Amino acid sequence: MQRFFPSSRPSSCLRLLSWTHSSSGQLFSHSTNTERKTITPSSNTFVDLGIRPPLAKALYAAFPKVEGPTSIQASLIPAILTGKDVILQDETGVGKSFGLMLALLNKTRLHFKNPENGQLNPQPAITSLLLVPHRDLAFQYLHWIKRIVDASSDHPPPVQDVAQVLVRDGNKHLSEGSSLLQQTPPHILIATPASVLDLCHKEPNALRLEELSSVVLDDVDFMVETVPLEGRTPAQRRARKNIELHPGPTRRLLTSIYGEQRQWPNSENEDEGAFHTPQLIVASATMRRHLKYYFFSETGLLNKDTVKVRGSVMGLSSNEDMGLHRNITHYVLVASHDSIKNTSAAVAEVVEDDAAADVSSVEQEEVTEETTKQPDDAQIEREKKFSMLPSPFNQNALEAVAATFALDVPSVALLTIPSDASIHRAVYDLRALGVNAHGMNLLVENQGKSHLLHGGAEKFRSTPTLLVATPATIRGIDLPELSHVFILGVRPLQERATTALDTYIHVAGRVGRFGRKGKVVSIVTDEQEAERMDTILKRLGVETARLKYFK
Ligand SMILES: Nc1ncnc2c1ncn2[C@@H]1O[C@H](COP(=O)(O)OP(=O)(O)OP(=O)(O)O)[C@@H](O)[C@H]1O
């Protein structure tokens with residue numbers, strides 16, 4: 001019998017531990033048709049890249065639209081399978097996360113000996129720790145993996161043998177998560193850095209970090225806080241000091257795994273064969289120079305042997321051409337109390353080849369769970385409170401969202417609000433304007449889950465949905481039917497800081513993915529904000545189009 005989880009071993013051995021392969025595994029079939037206008041396919045097959053045939057077969061069965069690897073996957077997968085460290089950068093929506101998942105599924109499952117008694121541990125080790133910035137991305141990965149596992153045989157293994165999620169979702173989840181982890185360590189643990197630290201603190205033996213074969217940071221720039229190197233302003237100096245004194249969870253976790261300065265094998269310790277640190281893989285669409293400085297110089301977490309995998313449109317330097325102009329149309333609406341109009345920088349009337357046209361081509365899947373839910377007590381209580389308090393949101397801006405949503409959105413759209421604003425309140429206000437709004441929560445059908453895997457479009461077409469989230473919680477999220485992103489709140493663009501640009505890149509990058517089209521509508525409320533927005537778009541090299549419904 002072929003194994004589901006397969007064959008490649010990092011070159012070095014773990015200190016004082018020995019390992020052996022686990023035999024967990026299942027078999028796996030295929031077909032295809034992927035609409036791909038701009039994503040370069042690779043001439044290789046997944047198997048050519050080192051993906052084991054049963055896994056490739058399960059992948060094709062689970063995702064019938066997948067024909068073969070994309071060009072970034074063709075570079076990424078073999079790089080990961082060498083066991084070397086990898087730094088990956090390519091634009092949003094080209095299959096980076098999907099490729100990461102496949103490479104991790106393909107890795108060898110190991111059993112270690114207990115160094116104290118020399119006996120083989122009864123449970124296999126967790127092979128990979130996949131760190132993500134927020135819980136919704138963790139569940140998206142789990143969802144993808146479950147689909148592949150379920151397609152792997154008529155009697156698939158429980159998904160929890162293959163992957164588990166550990167997120168800070170109240171103590172209950174963490175404690176349930178931790179006992180499951182110890183009973184059945186998964187092949188891949190998908191977690192937020194803060195939840196891993198919490199667990200290590202509460203139950204130091206729950207996770208055997210020293211047995212990990214690889215550590216992956218997806219959307220790494222969002223997880224590791226850094227300050228531009230050139231920045232000399234007092235605020236930047238304070239920020240640098242603050243990071244030094246109070247490093248964030250990712251920095252602390254990386255220090256626990258690799259030490260303050262990662263040690264690299266030299267001729268002495270290599271000979272002893274007792275040197276191991278897990279392979280480190282870092283990925284994002286945006287990676288600024290200061291982040292690379294952190295990895296290569298400040299901590300030595302990466303070194304010159306690191307494999308650099310990058311997309312064709314960008315260098316690994318600070319290049320702001322992120323391909324945002326290719327499939328995405330950008331609009332800026334100025335909402336005031338008496339009008340909604342296009343910004344004066346809007347240049348062209350776009351011939352509407354609607355994003356809706358793309359939606360119709362996606363694969364349909366039955367939505368099994370009930371999509372309407374009765375409001376719970378907390379919601380009723382909240383709504384009572386909201387009805388008595390004035391809204392903190394600019395109502396003109398919300399009306400602009402509601403009007404554009406009603407006129408232009410066929411199935412599902414996303415609205416990002418500033419990170420300090422209340423999602424519940426935004427949902428409440430938008431519902432009062434007749435919008436079918438929900439806070440995004442990828443565990444709940446009508447809050448985004450049914451849109452995760454090309455599911456539910458038909459069901460929702462009659463009542464389009466607006467999912468509300470903050471920029472931090474949409475990183476990496478892939479909702480294939482998403483046609484529009486609305487952005488409320490423009491971050492100030494400081495001279496050297498690139499945060500506002502990167503935020504826009506990631507938020508806008510939720511649409512226009514994998515060759516599909518999309519629209520990004522930023523809503524501003526005065527000329528000053530409009531100017532800021534125009535500057536951001538100019539820096540990103542995109543033109544502002546005119547939305548036909550407004551002046
Ligand atoms: N080889 C492939 N063939 C067809 N579809 C694919 C392939 N690889 C990925 N996809 C699909 O492309 C979409 C985008 O993939 P993914 O989320 O991995 O992109 P990404 O580059 O990680 O984006 P981001 O930078 O926003 O996180 C997903 O819907 C995924 O299912």
Side-chain angles (χ1 to χ4, degrees), residues 30-49 51 56 59-60 62-77 88-105 130 132-134 136-141 143-145 147-148 216-223 281-287 309-314 322-324 327-328 358-359 361-363 365 414 442 451-455 471 473-482 485 502-516 518:
H30 111 260
S31 87
T32 26
N33 171 26
T34 309
E35 168 198 17
R36 219 183 288 163
K37 296 186 188 102
T38 54
I39 307 298
T40 331
S42 151
S43 53
N44 291 307
T45 65
F46 282 107
V47 173
D48 294 337
L49 303 178
I51 296 293
L59 164 69
Y60 290 129
F63 293 90
K65 287 184 177 248
V66 169
E67 286 175 338
T70 61
S71 61
I72 198 70
Q73 290 166 349
S75 310
L76 169 68
I77 292 171
L88 161 69
Q89 186 181 10
D90 199 357
E91 58 192 282
T92 53
V94 294
K96 297 186 297 299
S97 303
F98 203 80
L100 282 172
M101 168 197 69
L102 288 174
L104 298 186
L105 282 173
L130 171 51
V132 292
H134 58 90
D136 281 316
L137 185 55
F139 285 111
Q140 176 176 300
Y141 267 115
H143 224 67
W144 284 350
I145 293 173
R147 191 152 166 181
I148 293 177
V216 184
L217 288 98
D218 193 5
D219 269 310
V220 59
D221 57 322
F222 194 73
M223 287 195 281
I281 302 162
V282 302
S284 185
T286 45
M287 276 191 222
V309 180
R310 64 187 190 190
S312 51
V313 297
M314 71 196 50
M322 299 296 298
L324 283 180
N327 295 314
I328 307 175
D358 281 330
V359 174
S361 67
V362 301
E363 160 196 6
E365 205 185 79
L414 190 66
L442 297 185
H451 292 282
L452 259 183
L453 292 169
H454 296 154
T473 56
I474 51 84
R475 282 264 183 158
I477 291 302
D478 184 75
L479 305 172
E481 289 133 21
L482 193 77
V485 173
D502 290 355
T503 302
Y504 190 87
I505 290 166
H506 283 274
V507 171
R510 294 317 95 209
V511 290
R513 298 169 72 73
F514 222 77
R516 290 183 284 266

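What you see is a predicted model; the values in this text were computed from it and never measured. Numbering of ligands and ligand atoms starts at 1, following listing order.
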Closer than 4.0 Å to some heavy atom of [X] - which atoms of ligand 1 meet that?
X    : answer
V94  : 19 (O), 20 (P), 21 (O)
G68  : 1 (N), 2 (C), 3 (N)
W144 : 17 (O), 18 (O)

Under 4.0 Å, heavy-atom basis, I'd like to know which part of [X] is in contact with ligand 1: side chain, backbone, both or neither.
X    : value
R513 : side chain
Q73  : side chain
D478 : side chain
R510 : side chain
F98  : both

Applying side chain to side chain contact (heavy atoms under 4.5 Å, CB included), run through V66 and F46 and close with a yes or a no.
CA-CA 10 Å; V66 169; F46 282 107; 3.7 Å; yes
Has the side chain of [X] got a donor or acceptor atom that lies under 3.5 Å from a matching backbone atom of [Y]?
X    : Y    : answer
Q140 : D478 : yes
R475 : P471 : no
Q89  : S284 : no
Q73  : L102 : no

Which of these, R147, R516, K96, has its nearest heavy atom closest to atom 21 (O) of ligand 1?
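Nearest heavy atom to atom 21 (O) of ligand 1 lies in K96.
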Going by heavy-atom distance to atom 3 (N) of ligand 1, choose the closest among F63, F46, F514, Y60.
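That would be F514.
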Do I148 and F63 have side chains that get closer than 4.5 Å, going by heavy atoms?
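Of all side-chain heavy-atom pairs linking F63 with I148, at least one is under 4.5 Å.
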Is there a polar contact, in the sense of an N or O pair closer than 3.5 Å, between [X] and ligand 1?
X    : value
Q140 : no
G93  : yes
D219 : no
V66  : no

Checking H143 against L442 for the side chain to side chain contact (heavy atoms under 4.5 Å, CB included) test, could you report, in this order, the C-alpha distance in whole Å, the side-chain angles of both residues, the deciding distance, and whether it holds?
CA-CA 10 Å; H143 224 67; L442 297 185; over 6 Å; no
Grab the two heavy atoms, one from G509 and one from T92, that are nearest each other, plus how far apart they are.
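Closest pair (atom of G509, atom of T92, distance): CA-OG1, 3.3 Å.
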Under 3.5 Å, is there a donor on one side chain and an acceptor on the other for D218 and S97?
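Yes, S97 and D218 have a side-chain donor paired with an acceptor closer than 3.5 Å.
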